[in-house]
Amino acid sequence: SQTIHQWPATLVQPVGSPLSLECTVEGTSNPNLYWYRQAAGRGLQLLFYSVGIGQISSEVPQNLSASRPQDRQFILSSKKLLLSDSGFYLCAWSLADLTGEAFFGQGTRLTVV
Amino acid sequence: AQSVAQPEDQVNVAEGNPLTVKCTYSVSGNPYLFWYVQYPNRGLQFLLKYITGDNLVKGSYGFEAEFNKSQTSFHLKKPSALVSDSALYFCAVRPTGRRALTFGSGTRLQVQP
């Protein structure tokens with residue numbers, strides 16, 4: 001069966017520090033991968049998605065970047081965090097089939113102080 | 001723009017009563033619609049989806065949803081609510097030609113004992 005791992009679960013970082021959140025998927029090949037951010041326990045905003053290694057699409061220009069160095073690995077990064085980067089970050093994967101649902105990791109609660 | 005709307009921020013229901021969480025959509029072409037549930041500080045869990053076929057879709061934990069093309073709605077329902085159903089519920093759509101899901105703003109369901 002397929003599983004998705006996302007870490008860390010919580011993170012407190014000072015303003016101006018770098019960020020690296022990692023997500024890995026097991027049990028499937030060539031998944032579509034996604035990073036979402038959820039603010040204030042409400043709606044989800046799509047940040048990035050990837051359909052293959054090295055292929056990243058950015059939805060919202062901001063202080064973050066994403067990379068996919070391996071087929072089942074998706075990394076969210078920042079060189080210098082801002083206070084506004086605080087939030088709940090969710091990684092997800094889906095099959096290439098457009099009728100398929102997305103499966104989510106457990107999320108990372110990021111607090112920038 | 002292709003989107004979903006959840007008109008209610010919160011729904012309150014007594015345990016044992018039927019529940020409905022509303023969702024309307026706006027998409028071009030045939031919609032692919034999804035429902036997810038989120039418990040505090042956790043990722044989203046997939047409940048059910050409508051792709052094609054029967055308008056009544058059955059999903060996990062006794063939930064079902066009714067697709068209504070004329071009313072462009074996809075309401076989530078359960079015949080008898082449980083206190084453990086209390087959570088945040090999201091409706092989502094996969095817009096035509098896109099891989100990532102677009103989510104509604106979420107509805108908080110509170111089931112009182």
Side-chain angles (χ1 to χ4, degrees), chain A residues 1-11 21 23 25 30-52 55-60 66 74 87-111, chain B residues 1-10 23 27-53 57 59-60 63 65 67 74 86-110:
Chain A
S1 64
Q2 302 92 352
T3 56
I4 179 169
H5 302 281
Q6 185 181 345
W7 67 92
T10 60
L11 190 60
L21 302 181
C23 172
V25 180
N30 197 31
N32 293 333
L33 296 171
Y34 313 90
W35 278 110
Y36 286 86
R37 178 167 61 196
Q38 185 178 25
R42 279 297 183 177
L44 279 73
Q45 178 187 37
L46 177 67
L47 301 177
F48 303 94
Y49 72 92
S50 171
V51 300
Q55 300 178 61
I56 308 295
S57 296
S58 174
E59 289 291 304
V60 182
F74 205 24
F88 193 50
Y89 289 83
L90 291 157
C91 181
W93 73 272
S94 69
L95 296 173
D97 175 9
L98 294 180
T99 65
E101 58 271 31
F103 298 93
F104 283 79
Q106 292 302 297
T108 296
R109 172 76 58 194
L110 172 66
T111 303
Chain B
Q2 302 185 65
S3 63
V4 291
Q6 295 181 242
E8 303 157 316
D9 281 346
Q10 181 156 328
C23 173
V27 299
S28 58
N30 295 321
Y32 296 158
L33 297 161
F34 304 81
W35 274 103
Y36 286 82
V37 61
Q38 184 182 33
Y39 295 97
N41 295 309
R42 305 296 297 274
L44 277 68
Q45 296 179 35
F46 169 73
L47 285 176
L48 51 81
K49 66 181 177 182
Y50 174 82
I51 303 301
T52 187
V57 179
S60 305
F63 284 95
F67 172 70
F74 188 55
S86 299
L88 188 57
Y89 290 80
F90 288 98
C91 182
V93 65
R94 177 170 279 124
T96 306
R98 287 178 58 84
R99 296 183 182 274
L101 299 181
T102 296
F103 286 84
S105 56
T107 298
R108 190 164 303 280
L109 174 66
Q110 193 68 40

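A, B, ... follow the sequence lines: proteins, then strands. Residue 1 opens every chain. Remember, it's a predicted structure, so these values are computed and weren't measured experimentally.
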Asker: Donor-acceptor check, side chain of Tyr34(A) to backbone of Leu101(B), threshold 3.5 angstrom: yes or no?
Answerer: no
Asker: Working to the nearest 0.5 Å, report the span between CZ of Arg99(B) and CG of Leu46(A).
Answerer: 13.0 Å
Asker: Does a salt bridge link Glu101(A) with Arg94(B), judged by any charged N lying under 4.0 Å from a carboxylate O?
Answerer: no
Asker: List the atom of Arg109(A), the atom of Asn41(B), and the distance in Å for their closest heavy-atom pair.
Answerer: NH2-OD1, 2.9 Å
Asker: How far does CD of Gln38(B) sit from CZ of Phe104(A), to the nearest 0.5 angstrom?
Answerer: 9.0 Å
Asker: Counting only non-hydrogen atoms closer than 4.5 Å, does Ser94(A) touch chain B with its backbone (N, CA, C, O), its side chain (CB onward), both, or neither?
Answerer: side chain
Asker: Tell me whether the count of non-hydrogen atoms from other residues, nucleotides or ligands lying under 6.0 Å of CG in Asn30(B) goes above 12.
Answerer: no
Asker: Quick one: are Phe103(A) and Gln45(B) in side-chain contact, heavy atoms under 4.5 Å?
Answerer: no
Asker: How close do Tyr32(B) and Leu98(A) get, counting heavy atoms only, and between which atoms?
Answerer: CD1-O, 3.3 Å
Asker: Examine whether an atom of Thr107(B) lies under 4.5 Å from a heavy atom of chain A, and if so say whether it belongs to the side chain, the backbone or both; otherwise answer neither.
Answerer: backbone
Asker: Could you check if a side-chain atom of Gln38(A) sits within less than 4.5 angstrom of a side-chain atom of Phe103(B), using non-hydrogen atoms only?
Answerer: no
Asker: Any side-chain heavy atom of Tyr36(A) within less than 4.5 Å of one from Leu44(B)?
Answerer: no
Asker: Kindly give the heavy-atom pair with the smallest separation between Leu90(A) and Gly43(B), and that separation in Å.
Answerer: CD2-CA, 3.7 Å
Asker: Counting neighbours of CZ on Arg98(B) that are heavy atoms of other residues, nucleotides or ligands and sit closer than 6.0 Å, is the number greater than 12?
Answerer: yes
Asker: Look at Ala100(B), Gly104(B), Gly106(B) and state which one has the largest set of heavy-atom pairs under 4.5 Å with chain A.
Answerer: Ala100(B)
